[in-house]
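Reviewing the structure listed below.
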Amino acid sequence: MEQLTKISEIRKALEKVRRQGKTIGFVPTMGYLHEGHLSLVRESLKKADYTVVSIFVNPTQFGPEEDFNRYPRDLSRDAQILEKEGVDILFVPQTIEMYPEGYKTFVEVKDLQNLLCGKSRPGHFRGVCTVVLKLFNIIQPNMCFFGQKDAQQAVIMKKMVHDLNLDISVEVLPIIREHDGIAMSSRNSYLNPEQRKAALILYKSLKEAEEMIVEGERSAGNIIERMCKIINSEPKARIDYVEIVDLKNLNPVIAIKNEVLIALAVFIGSVRLIDNIIVNIKE
Ligand code: PAF
């Protein structure tokens, strides 16, 4: 595996790969890798001839009060893991090259960026879109891979790729969970053992919602109310949002039909965690 930091270096390396007629798969990450990331990497290794993974903790997607500085980082461990997986290039750009002094250009996906997580993280998706488009332009992949854990991000990425006519297929892969149900996330490393236990309430409430739907409940309001009650029974939890939305446009639904996304963000102490499930009813 080659580890590259300069944009000119990776462009040169990939030019050669493209000339050989090989397809390029790309997995953008912020590092501190877990099995969720590795499921994306493995899919790329399976589907593309050549796999590029980026690690870049992107400052523009963090708000001023957010965890940019303390976001977990362990590049040497990540590099070892990716090398073992058989990744071809690990791209670790420097902030100064991604956002040189005087940087002015940003990408937005209107409306979608303001829903769900966008309400409490203004500017977050603008930062994500900007960095991902920049990485797409640098790497020019044929396909890219995102996790369903960041459901809104996945929807926004697809929309950006579609709207800007990018010739890149976007694959979204299922959430990978720990044995007890908690969704894998680099931010789980912030949790102390008690908070880790409390964090189970997220998945518990999602499973309850799923069960209610299976048993015939169709009122989104009733389901959300029940979920909030469950989450609020955990003293360490504070709800940011619990919503049931249309999977395509992320707008709230009133009655459950077809495919819906049940998504939530909950603070456990000061750690903000997100999780979701897709429920598909065929009636
Ligand atoms: O999902 C993430 O880790 C980030 O939002 C991404 C896509 C790598 C952009 O910085």
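Both ligands and their constituent atoms are indexed starting at 1 by order of listing. Throughout, numbering of the chain's residues begins at 1 and tracks the sequence.
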(message) Could you tell me if Arg77 sits above the aromatic ring of Tyr32, with its cationic atom closer than 6.0 Å to the ring centre and no more than 45 degrees from the axis?
(response) yes

(request) Please name the residue in the list Gln113, Gln61, Arg272 that meets the side chain to side chain contact (heavy atoms under 4.5 Å, CB included) test with Arg121. (result) Arg272

(request) Check the hydrophobic clustering (I, L, V, M, F, W, Y; side-chain heavy atoms under 4.5 Å; chains of links allowed) and say if Ile176 and Phe146 are grouped together. (result) no

(request) Any atoms of ligand 1 less than 4.0 Å from a non-hydrogen atom of Gln153? List them with their elements. (result) 1 (O), 2 (C), 4 (C), 5 (O), 7 (C)

(request) Considering heavy atoms of the protein only, find what lies nearest to atom 3 (O) of ligand 1 and give residue, atom and distance to 0.1 Å. (result) Met30 CG, 3.5 Å

(request) Would you mind running through ligand 1 and noting each atom that sits below 4.0 Å from a heavy atom of Val131? (result) 9 (C), 10 (O)

(message) Only heavy atoms of Thr29, strictly under 4.0 Å: list the atoms of ligand 1 that pass.
(response) 8 (C)

(message) Within the 3.5 Å criterion, strictly below it, is a donor on Thr23 or Asp49 matched to an acceptor on the partner's side chain?
(response) yes

(message) Applying salt bridge (charged side-chain N to carboxylate O under 4.0 Å, His left out), can you list everything that pairs with Glu43, at least two apart in sequence or on another chain?
(response) Lys46, Lys47

(request) Would you mind listing which atoms of ligand 1 come within a distance below 4.0 Å of any non-hydrogen atom of Gln61? (result) 4 (C), 5 (O), 9 (C), 10 (O)

